[in-house]
Amino acid sequence: TVGAAALDQDGHLAAATSTGGTTGKRWGRVGDSPIIGAGTYAKDGACAVSATGTGEYFIRESAARQVCDRVLWKGQTIAEAAQDTIMAVGAIGGDGGLIAMDAAGEVAFGLNDLGMYRGTVSAETPIRTAIF
Amino acid sequence: KRWALAIHGGAGVIEREKLSPEKEAQYRAGLSAALSRGQAVLDKGGTAVDAVEATLRVLEDNPLFNAGKGAVFTADGVNELDAAIMDGATQKAGAVAGVTRTKNPVSLARAVMEKSPHVLLARDGADRFSVEKGLEQVDPQYFFTQPRWDQLQAWRAKNLAAVDQTHLFG
């Protein structure tokens with residue numbers, strides 16, 4: 001699965017996710033990636049999120065929307081919201097990760113697995129990539 | 001003016017010992033190429049929606065990542081692709097599930113968002129919508145990569161053995 005979250009110069013946020021799903025999926029199984037609020041979500045003034053992992057758990061936790069709700073309603077920072085959301089996914093058995101961005105373009109990664117291919121760039125910082 | 005972009009290329013059991021320096025360099029190059037594309041959009045004042053779409057198209061075209069070309073196989077040995085996009089400014093969203101012929105599914109998701117009254121289209125209908133809206137089509141064979149096919153064979157061996165114990169040992 002691949003995903004992106006962005007803040008543009010006008011202060012607008014967007015998120016997108018794309019995937020082939022999981023190897024050997026059957027019966028028309030659909031994971032969280034195309035489910036708005038589960039694997040993908042964006043709301044100006046709050047956050048933009050794209051998730052990757054065992055999709056069923058991200059759907060049950062409304063993971064992407066949950067990050068934004070934690071920011072808007074609970075007043076958490078984007079880092080706290082990303083971390084607590086991925087812990088909530090893990091608490092019911094799911095694993096994976098997510099990227100999140102707040103209204104100011106602050107980036108956070110939440111991860112409860114061994115690694116996630118990821119990267120950032122902004123008006124002030126050069127391209128950076130990480131895996132583990 | 002401030003702008004920012006973050007991406008992921010999938011998560012999971014990525015073990016340091018099993019990721020060769022060459023492979024790691026390929027992944028980092030793929031991520032950097034995608035970031036560069038998005039950076040070019042945002043730096044010129046492009047929209048966040050344009051940026052995330054452009055960024056993901058690069059990753060979808062890169063066979064290393066599980067999206068577009070390089071997607072994993074279903075149990076039936078085909079590629080079924082899902083994608084979504086959401087505009088934070090308008091709360092509009094578009095998504096597709098189980099599509100098989102659109103070269104860049106993220107662009108099809110965007111077409112659903114901008115050119116239909118719907119949010120989620122699936123399978124045959126989404127494939128048909130893609131043709132009607134003029135998105136680039138490919139033969140499903142385009143999505144094939146040998147490593148993903150090998151992963152399916154390993155999955156089949158493990159799961160068929162679990163179902164049919166007679167053939168557990170070949």
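These numbers come from a predicted model, not from an experiment. Convention: sequence-line order gives letters A, B, ...; per-chain numbering from 1.
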Specify the closest pair of heavy atoms between [X] and [Y], including all atoms of both residues, with the distance to one decimal.
| X | Y | value |
| --- | --- | --- |
| A/V107 | B/A6 | CG1-CB, 3.7 Å |
| A/A4 | B/I7 | CB-CG2, 4.0 Å |
| B/G9 | A/V2 | CA-CG1, 4.0 Å |
| B/A11 | A/G97 | CB-N, 4.1 Å |
| A/A14 | B/V49 | CB-N, 3.6 Å |
| A/G20 | B/A71 | CA-CB, 3.7 Å |

Discussion item. Donor-acceptor check, side chain of A/D8 to backbone of B/T47, threshold 3.5 angstrom: yes or no?
Written reply: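 Checked: no pair found.
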Discussion item. If we ignore hydrogens and angles and just use 3.5 Å, is the side chain of A/Q9 paired with the main-chain N or O of B/G46 as donor and acceptor?
Written reply: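 Not confirmed, A/Q9 side chain does not pair with B/G46 backbone.
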Atom pair [atom1]/[atom2] of [X] and [Y] - distance to nearest 0.5 Å:
| X | Y | atom1 | atom2 | value |
| --- | --- | --- | --- | --- |
| A/Y117 | B/E24 | OH | CD | 8.5 Å |
| B/L35 | A/R128 | CG | CZ | 11.0 Å |
| B/N66 | A/T19 | CG | OG1 | 4.5 Å |
| A/T23 | B/K158 | OG1 | NZ | 11.5 Å |
| B/R28 | A/I131 | CZ | CD1 | 4.5 Å |
| B/R2 | A/E124 | CZ | CD | 4.5 Å |

Contact class of [X] relative to chain B, heavy atoms under 4.5 angstrom:
| X | answer |
| --- | --- |
| A/A108 | neither |
| A/V121 | both |
| A/A104 | backbone |
| A/L111 | side chain |
| A/T22 | backbone |
| A/D10 | side chain |

Worksheet item: Within residues 75-93 of chain A, which positions have a heavy-atom distance to chain B below 4.5 Å?
Response: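 Those residues of residues 75-93 of chain A which would need a heavy atom under 4.5 Å from chain B do not exist here.
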Discussion item. Are the side chains of B/L59 and A/S18 in contact, using a 4.5 Å heavy-atom criterion?
Written reply: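 Answer no - side chains too far apart.
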Worksheet item: Of the backbone (N, CA, C, O) and the side chain (C-beta and beyond), which part of B/L42 lies under 4.5 Å from a heavy atom of chain A, both, or neither?
Response: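 Contact with chain A is through both the backbone and side chain of B/L42.
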Would you mind telling me which of [options] has the largest number of heavy-atom pairs within less than 4.5 Å of chain A?
| options | value |
| --- | --- |
| B/A109, B/A84, B/S32 | B/A84 |
| B/A75, B/G94, B/A122 | B/A75 |
| B/L120, B/V72, B/L81, B/V106 | B/V72 |

Over 12 foreign heavy atoms within 6.0 Å of [atom1], [X]:
| X | atom1 | answer |
| --- | --- | --- |
| A/K25 | NZ | yes |
| B/D150 | CG | yes |
| A/R60 | CZ | yes |

Worksheet item: Can B/H8 and A/S50 be counted as having a side-chain donor-acceptor contact under 3.5 angstrom?
Response: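 Yes - a donor-acceptor pair under 3.5 Å links their side chains.
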Worksheet item: If you count heavy-atom pairs under 4.5 Å between each of A/M116, A/R29, A/E106, A/H12 and chain B, which one has the most?
Response: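 Sorted descending by pairs with chain B, the first entry is A/M116.
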